[in-house]
Student: 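The following block contains the structure, expressed as C-alpha cells.
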Amino acid sequence: MASEQAAEVPKTGNSLEDRISQPDDATSGAPQASNTSTSWADEVASSTQNDDAGAANKTQDTSIPQTDGAPSALGGTDLHEPEYNVNVKLSDLQADPNNPLFSIKTFEELGLEPAILRGLTMMNFRKPSKIQERALPLLLNNPPTNMIGQSQSGTGKTAAFVLNILSRLDLSTPEMQKSPQALVLAPSRELARQIVGVIQVMGSFVEGLVVGTAVPADTHSRPSRLECSVVVGTPGTVMDQIKKRIFLTQRLKVLVLDEADNMLDLQGMGDQCIRVKQLLPKTVQVVLFSATFPTHVHRYASKFAPGANEITLEHEDLTVEGIKQLYLDCESDEDKYNVLVKLYGLLTIGSSIIFVKTRQSAQEIEKRMTAEGHTVVSLTGGVEGSKRDDTIDKFRSGEAKVLITTNVLARGIDVSTVSMVINYDIPELHDPTSRQRKADCQTYLHRIGRTGRFGRVGVSISFVANREEWQMLMAIQDFFKTDITRIDTRDWDEVEEIIKKTIKNPRSHANYSQEQ
DNA sequence: AAAAAAT
C-alpha cells in the first residue's frame, strides 16, 4: 500500500484541540469603527487599509510545513499552490509514529488499480495536490478510518474522495455491480450531478461501475430499485429512497458528505444526514470534506465521524491566492443595478456568476438585463428541476456566460471558465437571539471560490451600498486576514483596467475536464 | 432572514 518514504511523522494529538477551541467568530467583534461617523462612505475614505501586520507571522505550527511550490491538483507545471500549513491529527488507531500514512508524492505510490490510474491519466492528473497527498493514504488505509478533511476551494477534494470510493468497490460480480457500496451526499442538486460526472470520468476504465443519482425527480415515475454501485444524491431524496427500499444499503462501505459543514449545520439537512447514517451498516467509513469547518459545526462533525483522521487549516490559510478580491461602492441598493450593467458594458471576459440574496432579486435582475439585451440566465431553488439542469448545463458549456444565482450555487460548483464572481449582495447571517445581521464569512469564501480554481486566476467584486454592507465586508476581510481592495467607481477607466489586468494572463490550462 | 432540501 502506501508510501515507503515514511518521512517524519507529526506529533499527534495536542495541536488541533487548542486550535478548535479558539474563538472562530470574527464577526462577533464587529468592526470597531462603531460610532457616529457621518456615512459609511466617509469611513471607507478614511480607512486607508490594512492593519494586517499580524497576518504574516500569525501561525506557528507544530505540524508540517508544506511542500515547495508543488503543482496543484492537476499537476500542470506552472500552476502553483501557495505555501500554507496543514494540520494533521491522526486517529488513535493510526497515531503510531511508524505508520507510513504520512504523505504521498505520486498517485502510483497508492497502489491503485491500473484502471483507476488510467482514469487519472486521462484527466491529466499528474501529481497529487496537497490535500490529496495527505488525505489519500489515510483514506485508503485498512481498516478504513473516518476522515474530516479541509482544504481550500478548487484544490481537489472531490477527486480525493472519488479515488477512495473507486478503490474500495467490489465489482467482481453482476450482483455487486448493482449493489450500492458508496454514497455521496451533497447540499444541492447541481453539486450532486457534478460529482456524478466526476465519478464517471475518473471511473471510465473501471469495469462494471454504475453511478446513480438520487435527486428530486420532476415526474413521479420511480425505479423500483436503485441498481448501481455508487449513489450520489441530496439528503431528502436519499432518505426517501432508503425508506421505500428502492435504495438497499446493506452493502454500503463508504459515506461521503461533501460540503460537510453546510450539510450538518443546515436545519433540516443535518437531521436527514444523521438519519441516513443510522440506516447504514455501522462499519461504514465516514468521510467529511469541506473548505470550511466553523467551530460549532466541527463539534458535530467529530461526532458524526468518530475517531476520524483530520486535516484542517487555519482560516488565514483559506483564501486562494489567485483570487483577487475587490469591492465597489454603490450609492444605493437601486444603484447596484446600474453599476452591474456598467460593469458588464466594459467586460466580456470568460464566464461570471452574480450572487444575490433572494430568489426574487435573481429573477428580477435576470429580467431587467435580458430586457436590455444582455444574455444572462438565472438559477435558484424555486425553479423546476429539469430547468435547473438545462441552465447549469448551458453555463458549463459556455452557451450562457452570465449566471445569476443565490447561495444554492455558492458551494462546490466547478466551472473552470469562471473568471469573475460578483457579490451583488454581501452574504449575511441572521442571529435569531440578537436579531442582528452578521457577515457570513463561510459563504463569502465559498462564493469567491467559484473562480480561481486549480491554480487559475480570478476576480471577485463585492457591491457595497451602505454602511452595514461595508462593515460586513470588513469583518470578512479581518476574519480571513486577507485583502479586499476598494476600486473607485468615479473612474471607470481605472475600474476596467484593474479588472482586466487581473483576469488577463489566465494561465487557464484546459487540463481539468470534469465539466463537460 | 433567506436559502436549500422531501412530498
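We name chains A, B, ... by the order of the sequence lines, and we start the count at 1 in each one.
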Student: Scan Arg437(A) against the nucleic acid and name what it touches under 4.0 Å (heavy atoms): base, sugar-phosphate only, or nothing.
Tutor: nothing
Student: Looking only at side-chain N and O atoms, does Glu314(A) offer a donor or acceptor that is under 3.5 Å from a partner on Asn87(A)?
Tutor: yes
Student: In terms of side-chain heavy atoms, does Glu372(A) have a donor or acceptor partner in Tyr344(A) at a distance below 3.5 Å?
Tutor: no
Student: Distance only, no hydrogens: is a donor on one side chain within 3.5 Å (strictly under) of an acceptor on the other, for Gln442(A) and Thr292(A)?
Tutor: no
Student: Does a donor on one side chain and an acceptor on the other come within less than 3.5 Å for His298(A) and Glu310(A)?
Tutor: yes
Student: What residues, two or more places apart in sequence or in another chain, satisfy ring-ring contact (aromatic ring centres under 6.0 Å, His included) together with Phe355(A)?
Tutor: none
Student: Across the strands shown, which category fits Arg411(A) at heavy-atom distances under 4.0 angstrom: base, sugar-phosphate, nothing?
Tutor: nothing
Student: Reading DNA chain B 5' to 3', which nucleotide is the first, and which the last, to come under 4.0 Å of any heavy atom in chain A?
Tutor: dA1(B) to dT7(B)
